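This report refers to the structure that appears directly beneath it.
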There are 2 protein chains.
Amino acid sequence: MDRDDGRARRPTISDIAALAGVSKASVSKSVNGQSGVSESTRRRVLEVAERLGWRPSARAVALTRGGSGAVGFLINRSPDLLSSDPYFVDLLSGIERALTEQGYWLLLQIGHHATEESERAAYADLAGSQRVDGVFLTETRLGDPRFDTVRALGLPAVVVSKPWARTDLPWVGSANPGGGIEDAVLHLARLGHRKVAYVTGPQDRSHVLYRTEAFLAAVADHGLSVVGMPRTDFSPDAGARATLELLDQRERPSAIVYDNDVMAVAGSQAASGRGLSTPHDLSVVGHDDISMSRWLTPALTTVRQDVIELGQMCARRLLLELGVPDPGDGWQSLPDPTLVVRGSTGPAPTS
Amino acid sequence: MDRDDGRARRPTISDIAALAGVSKASVSKSVNGQSGVSESTRRRVLEVAERLGWRPSARAVALTRGGSGAVGFLINRSPDLLSSDPYFVDLLSGIERALTEQGYWLLLQIGHHATEESERAAYADLAGSQRVDGVFLTETRLGDPRFDTVRALGLPAVVVSKPWARTDLPWVGSANPGGGIEDAVLHLARLGHRKVAYVTGPQDRSHVLYRTEAFLAAVADHGLSVVGMPRTDFSPDAGARATLELLDQRERPSAIVYDNDVMAVAGSQAASGRGLSTPHDLSVVGHDDISMSRWLTPALTTVRQDVIELGQMCARRLLLELGVPDPGDGWQSLPDPTLVVRGSTGPAPTS
DNA sequence: TCACGTGTTCGAAACGGTTTCGGAGGGAAG
DNA sequence: CTTCCCTCCGAAACCGTTTCGAACACGTGA
């Protein structure tokens, strides 16, 4: 039988059952590898299914089994801040790899939630309509309302990277998220720098808090002084602006640590507009190690973290939460971020 | 009634019906805004639904209505080539924006399909299980098997960017995908360059074919000569290698056009290792205009295209295909890519 | 008063699977 | 030849919604 638009009607389990001369129950058991059917019956059923190109409708399966086979990932960022940052793409890649291995799918939303209420509504919609079995929570903030949201919804969730606020939700990430920053400060101290600055982001983000904490602690440890810690929105323009402000201060830093590579490059460029060259007059450290970093002139000293691995671990952790028997090995320990030393850092200028 | 794990059982339409003292049918009509219920009944139902926090299960709705409310996007690239390229993130952002407006969701898979068969299986799985109502086809190739795949599956699809091969599938993109390359060659010709090269990608990609065609046509138009057209995998390392090979030739180019910005930067860096500085000894043109481009030293001359807009248009086109009445205005014409002139191109060296 | 629309409501049948449970059949043990 | 057990299979219930057709109440015009 054909539909009016000419496309053939999809076969259903009943068609397969009829053609194979068995009941729907037997077909179901056959394709799901359950016991209760003889090997010959199973073969016959599978052969018919293959011939007709039939596979169970995910919709019907989701309805009966109470699981959609998909998890959700809601990104709350404006597009221009997304594309300059390799973080999300790498995270997605890692997540996907682990999910695909287990036959799960990823429901993605890139949102631009102006208000917390709108963000909450997005999660409520996703969970309430039972479209996904669980979600990732990324870029957690201080007093993040999503912790309560997912709990209220009874929605399994995994936090990506160590959250600053205490929560009973499982999280996956390196134990010391500020490790790379510590290394960076140590590196600068050894190069003889005494006055340093840190160009960072909104002060309610968990990762910003951890890195700031690490920066301040390391600075204190090595007897350096902080001459500025401007906040930006992570955009290169903001990075350049912050750099110029730092350089116009009475106490000018001889080295600046940035919260991402793009700001570091923009900052370095802005400094050269003031006649300060990197690394001779100003040392610069980035964060993320984007693929271009080693091809710049000078190549960028930066902090690297294996975000793809992070994504994989998070996905496995979430699958575990969903009751997948063995989502893959190891989601326990992620190595701390490490410093990659290249040409953008050098000895402090002798004033 | 609670489940054994302590989480409250989700209310169903029956619960709402019982509490509101009406039938399931009336509840359904009430929440879907259909006629056939009195205003007072509708209010009562909605009030109860609100109080219990109930919303229809997307699973059950998908089963009865025959539409999942989601579309699929399968990306076939290795992760390291993804994160250096802003293209997919921007495309995703645009797609999401248009989808979210209409209440549709995006199912994403980042695959690493070694074989065409594996790629075909991914689409078959997605369509066969009826998880999505339609898909995007991106990075189409010459003789792309996916055209046949989606037709055989009866899966609505929209091609992202003009395909090289003829197909009856709808596509969305600029009419002249090589427009930016034409401009670039013209720009170089005016600067006095005579020997140029083009570092590009696998020769079966539609966009590579269009750009190559545009490059060759423009070069012929302006009487330049092509001294090399190496193929790469789009990675910075490959870009650097290709550059060195070009520079080691007997006929050395004075300007090189690259198929993306990362290769352009790597190429420029590689050239400086040979003692050739940009733009004095070698002019360099990139493609994509990543956000860092204008912050480099020298800033990168490159080709820009509004990929976010492209994504939005593609999504609207697909929604139209799915029968969404008015997915949003304008998906007809996307402007051609344009050249952004910055510091990495200059007058040809006088030999 | 009766027949007749009109608008509201409800019960029941899909939708396409999974799962439970009881029965049929066959072989081995007594 | 029973009896028992085990395997294989199918009927039926169920998941949570939409939709279809019938029933019902009510006001209206003849």
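In what follows, chains are A, B, ... by sequence order, proteins preceding strands, each numbered from 1. Just so we're clear, the structure is a prediction, and the values are computed from it rather than from any experiment.
- Residue contacts shown for T41(A) are limited to sugar-phosphate atoms, with no base heavy atom under 4.0 Å away.
- Comparing the helix axis at one end of the helix from dT1(C)-dA30(D) to dG30(C)-dC1(D) with that at the other, each defined from 5 consecutive pairs, gives an inter-axis angle of 60° (nearest 10°).
- Residues T140(B) and S206(B) have side chains that bring a donor and an acceptor to within less than 3.5 angstrom of each other.
- A salt bridge does not link R51(A) to D15(A): none of the charged nitrogens lies less than 4.0 Å from a carboxylate oxygen.
- A salt bridge does not link E116(B) with R120(B): none of the charged nitrogens is closer than 4.0 Å to a carboxylate oxygen.
- For the pair R43(A) and E47(A), the salt-bridge criterion is not met [side-chain N within less than 4.0 Å of a carboxylate O].
- Using a cut-off of 4.0 Å between Lys/Arg side-chain N and Asp/Glu carboxylate O, R166(A) and D144(A) are scored as not salt-bridged.
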Between the protein and nucleotides 18-22 of chain C, list the N/O to N/O atom pairs that are separated by less than 3.5 angstrom.
from: dT18(C); atom 1: OP1; to: N32(A); atom 2: ND2; distance (Å): 2.9
from: dT18(C); atom 1: OP2; to: S28(A); atom 2: OG; distance (Å): 2.6
from: dT18(C); atom 1: O5'; to: S28(A); atom 2: OG; distance (Å): 3.4
from: dT18(C); atom 1: O4'; to: T64(A); atom 2: OG1; distance (Å): 3.4
from: dT19(C); atom 1: OP2; to: Q34(A); atom 2: NE2; distance (Å): 3.0

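- The local environment of CD in Q34(B) is crowded, with over 12 non-hydrogen atoms from other residues, nucleotides or ligands closer than 6.0 Å.
- Backbone-only engagement by G21(B) is indicated by non-hydrogen atom pairs under 4.0 Å involving sugar-phosphate atoms exclusively.
- Under a 4.0 Å N-O distance rule, the pair R55(A)/D125(B) qualifies as a salt bridge.
- The stretch residues 128-163 of chain B participates, sequence neighbours left out, in these ring pair (Phe, Tyr, Trp, His ring centres under 6.0 Å) pairs: F73(B)-F136(B).
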